[in-house]
Novice: 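Below are the structure tokens for one structure; questions will follow.
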Amino acid sequence: MTQPHAAFPVKNYDLALTLASGQAFRWRRSAEGWAGVIGSRWVRLRQEPDGIRAETSAPEADWQWLRHYLQLDADLDGILASFPDDPPMRDSVAACRGLRLLRQEPWECLASFICSSTKQIVQIQQIVGLLCRRFGETLAVPLGTEPAWAFPTVERLAGASEAELRACKLGFRAPYLSGAARKLAAGDIDLARLAERPLEEARAALVTLPGVGVKIADCVLLFAYGFHEAFPMDVWIIKALQQLYFPKRPPKLPRLRRFSQTHFGPYGGYAQQYLFHYMRTARKGR
DNA sequence: GGCCAGGCGCGTA
DNA sequence: TACGCGCATGGC
């Protein structure tokens, strides 16, 4: 039956951990659950003992879009079993039970991470929120809930001036986001077709965009396209690898890259998210 | 007040 | 290929 709510039985899925782990930036916690936007839909999610309950602003006949976003059919046990069996990885998995990777829309993910460089996660959330409020389409929400906006389209941001973007606190990232949106609007890259290409080709295409280096490209490859071997190397993961795997003589970046590519296996990106979150929370930057 | 934040682009060696 | 630096802005 078509309803504006549904229940999804799922085990070992920590919604709060997943939505607040710095892979997506539009989820807000409230007493009623987690409110956010997926595509052009307002959604509220709530953790329940046997799974996840979802609420939308209008009846839904087919919930596949949400199952896909949350990756409810992912084989987490199999993924965890593929991780290397070493103390840092075991500690990370133990500290982040139920952490999952989402499958985001590529443009929103790309634009969000262009905004992310040398920003803390709370500030990225603020910037993305301002962009949506200023340039996004207003969405229908249930009575009594906060207003919500879709993520701005490529065309809308391509048409925005640098000053308008700076007003959303982008700082020096404003010309990057503007330039990337304009190249995409001009058809330089077809984001919808990158998933069909090998990882290296997709990455090479992404880094031709202004403000997109290997790290941001890898975030998009991992969080939006599901290239699970992509391993974003940010300041936290560098710190994690140096302290957890090479405490006596921390290697520099080139060697850490080679290590990360060979050590963590086919789901290295998944392992990276566990190490990232473990480093940021359980260890509190030690 | 100084340090740092899910980096990138560019100049230099 | 591998550094070092400047770049806005705000949390702690």
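Throughout, a chain's letter reflects where its sequence line sits, starting with A, and its residues are numbered from 1.
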Novice: Quick one: A/I121 CD1 to B/dG7 C1', roughly how many Å, whole number?
Specialist: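 Between C1' of B/dG7 and CD1 of A/I121: 14 Å.
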
Novice: Under the side-chain hydrogen bond (donor to acceptor under 3.5 Å, both in side chains) rule, what pairs show up with a residue in residues 33-42 of chain A, not counting sequence neighbours?
Specialist: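 Residue pairs with at least one partner in residues 33-42 of chain A: A/R41-A/E60.
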
Novice: Select base, sugar-phosphate, or nothing to describe what A/Q125 touches, counting heavy atoms under 4.0 Å on all strands.
Specialist: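 The residue A/Q125 makes no contact with any strand.
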
Novice: Taking CG from A/D234 and C1' from B/dC8, how many angstroms apart are they, rounded to a whole number?
Specialist: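 That distance rounds to 14 Å.
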
Novice: What is the distance from CD1 of A/I124 to P of B/dC8, rounded to the nearest Å?
Specialist: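 Roughly 12 Å, once rounded to whole Å.
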
Novice: Kindly compute the distance separating CG (A/L241) from CG (A/L275), expressed to the nearest 0.5 Å.
Specialist: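 Between A/L241 CG and A/L275 CG, I get 6.5 Å after rounding to 0.5 Å.
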
Novice: Find the distance A/F172:CZ to C/dT9:P and express it as a whole number of Å.
Specialist: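 Nearest whole value for this atom pair: 10 Å.
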
Novice: Are any protein N/O atoms closer than 3.5 Å to N/O atoms in nucleotides 10-12 of chain C? If there are, list each pair with its distance.
Specialist:
from	atom 1	to	atom 2	distance (Å)
C/dG10	OP1	A/K169	NZ	3.3
C/dG10	O4'	A/Q123	NE2	2.7
C/dG11	O4'	A/Q120	NE2	3.2

Novice: For DNA chain C, find the residues of residues 176-190 of chain A with a heavy-atom distance under 4.0 Å and give them by number; none if there aren't any.
Specialist: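 Here the set is empty: none.
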
Novice: Could you tell me how far B/dG1 sits from C/dA8 if I compare only their P atoms? Round to whole Å.
Specialist: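 Per the computed distance, 22 Å lies between those P atoms.
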
Novice: Quick one: A/K252 NZ to C/dA2 P, roughly how many Å, whole number?
Specialist: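 It works out to 12 Å between those atoms.
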
Novice: Would you sort out whether A/Y245 and A/F264 count as a ring-ring contact (aromatic ring centres under 6.0 Å, His included), showing the intermediate values?
Specialist: CA-CA 12 Å; A/Y245 285 94; A/F264 292 99; 5.7 Å; yes

Novice: Write down the distance between CZ (A/R258) and P (C/dA2), rounded to a whole number of angstrom.
Specialist: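 Those two atoms, CZ and P, are 7 Å apart.
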
Novice: Is the shortest side-chain heavy-atom distance between A/Q71 and A/L102 below 4.5 Å?
Specialist: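 In short, these two side chains do not touch, never coming nearer than 4.5 Å.
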
Novice: Side-chain N or O of A/R166 less than 4.0 angstrom from OP1 or OP2 on C/dA8?
Specialist: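 Yes, such a contact exists.
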
Novice: Could you note down all residue pairs passing ring pair (Phe, Tyr, Trp, His ring centres under 6.0 Å) where residues 173-226 of chain A supplies at least one of them, sequence neighbours left out?
Specialist: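 As it turns out, the ring pair (Phe, Tyr, Trp, His ring centres under 6.0 Å) pairs with a partner in residues 173-226 of chain A, which skip direct neighbours, are A/F113-A/F223.
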
Novice: Report yes if some heavy atom in the side chain of A/D188 is under 4.5 Å from a heavy atom in the side chain of A/L209; otherwise report no.
Specialist: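 SC-SC contact between A/D188 and A/L209 ruled out.
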
Novice: Please answer whether the main-chain N or O of A/V43 pairs with a side-chain N or O of A/T56 as donor and acceptor at a distance below 3.5 Å.
Specialist: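 Between the backbone of A/V43 and the side chain of A/T56 there is no qualifying donor-acceptor contact (under 3.5 Å).
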
Novice: May I ask you to say what A/S21 touches in the nucleic acid, namely base, sugar-phosphate or nothing, with a heavy-atom cut-off under 4.0 Å?
Specialist: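 Since a base atom lies under 4.0 Å of A/S21, the category is base.
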
Novice: Rounded off to whole Å, could you give me the CG-to-P distance for the A/L253 and C/dA2 pair?
Specialist: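 It is 9 Å, rounded to the nearest whole Å.
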
Novice: Is there side-chain contact between A/F246 and A/Q242, with at least one heavy-atom pair below 4.5 Å?
Specialist: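 Result no, sub-4.5 Å side-chain heavy-atom pair not found.
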
Novice: Contacts to DNA chain B from residues 204-212 of chain A, heavy-atom cutoff under 4.0 Å, which residues?
Specialist: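 Contacts with DNA chain B under 4.0 Å: A/L209, A/P210, A/G211, A/V212.
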
Novice: Give me the ring orientation class for A/F8 and A/W63: parallel if the planes are under 30° apart, tilted from 30 to 60°, perpendicular past 60°.
Specialist: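 Perpendicular: the ring planes of A/F8 and A/W63 meet at over 60°.
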
Novice: What is the nucleic acid contact for A/F25, judged by heavy atoms within less than 4.0 Å: base, sugar-phosphate only, or nothing?
Specialist: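 It contacts nothing in the nucleic acid.
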
Novice: Rounded to whole angstroms, how far apart are CE on A/M233 and P on C/dA2?
Specialist: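 So the CE-P distance, A/M233 to C/dA2, works out to 12 Å.
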
Novice: Within the structure, does a side-chain N or O atom of A/K239 lie under 4.0 Å from either OP1 or OP2 of B/dA5?
Specialist: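 A/K239 to B/dA5 OP1/OP2: side-chain N or O found under 4.0 Å.
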
Novice: Heavy atoms only, 4.0 Å cut-off, all strands: where does A/G213 land among base, sugar-phosphate and nothing?
Specialist: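 Contact class for A/G213: sugar-phosphate only.
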
Novice: For the aromatic rings, using the six-membered ring if either is Trp, is the centroid distance between A/Y274 and A/F83 under 6.0 Å?
Specialist: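 Ring-ring flag for A/Y274/A/F83: true, centres closer than 6.0 Å.
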
Novice: Using residues 122-145 of chain A as the side-chain source, report each donor-acceptor pair under 3.5 Å to any protein atom, sequence neighbours left out, with the distance given to one decimal.
Specialist:
from	atom 1	to	atom 2	distance (Å)
A/R134	NH2	A/E164	OE2	2.7
A/T138	OG1	A/W149	NE1	3.4
A/T145	OG1	A/P142	O	2.7

Novice: Using 4.0 Å as the upper bound for N to carboxylate O, is an ion pair formed by A/R67 and A/D73?
Specialist: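 Yes.
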
Novice: May I ask you to say what A/P232 touches in the nucleic acid, namely base, sugar-phosphate or nothing, with a heavy-atom cut-off under 4.0 Å?
Specialist: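 Base, at least one base atom sits under 4.0 Å.
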
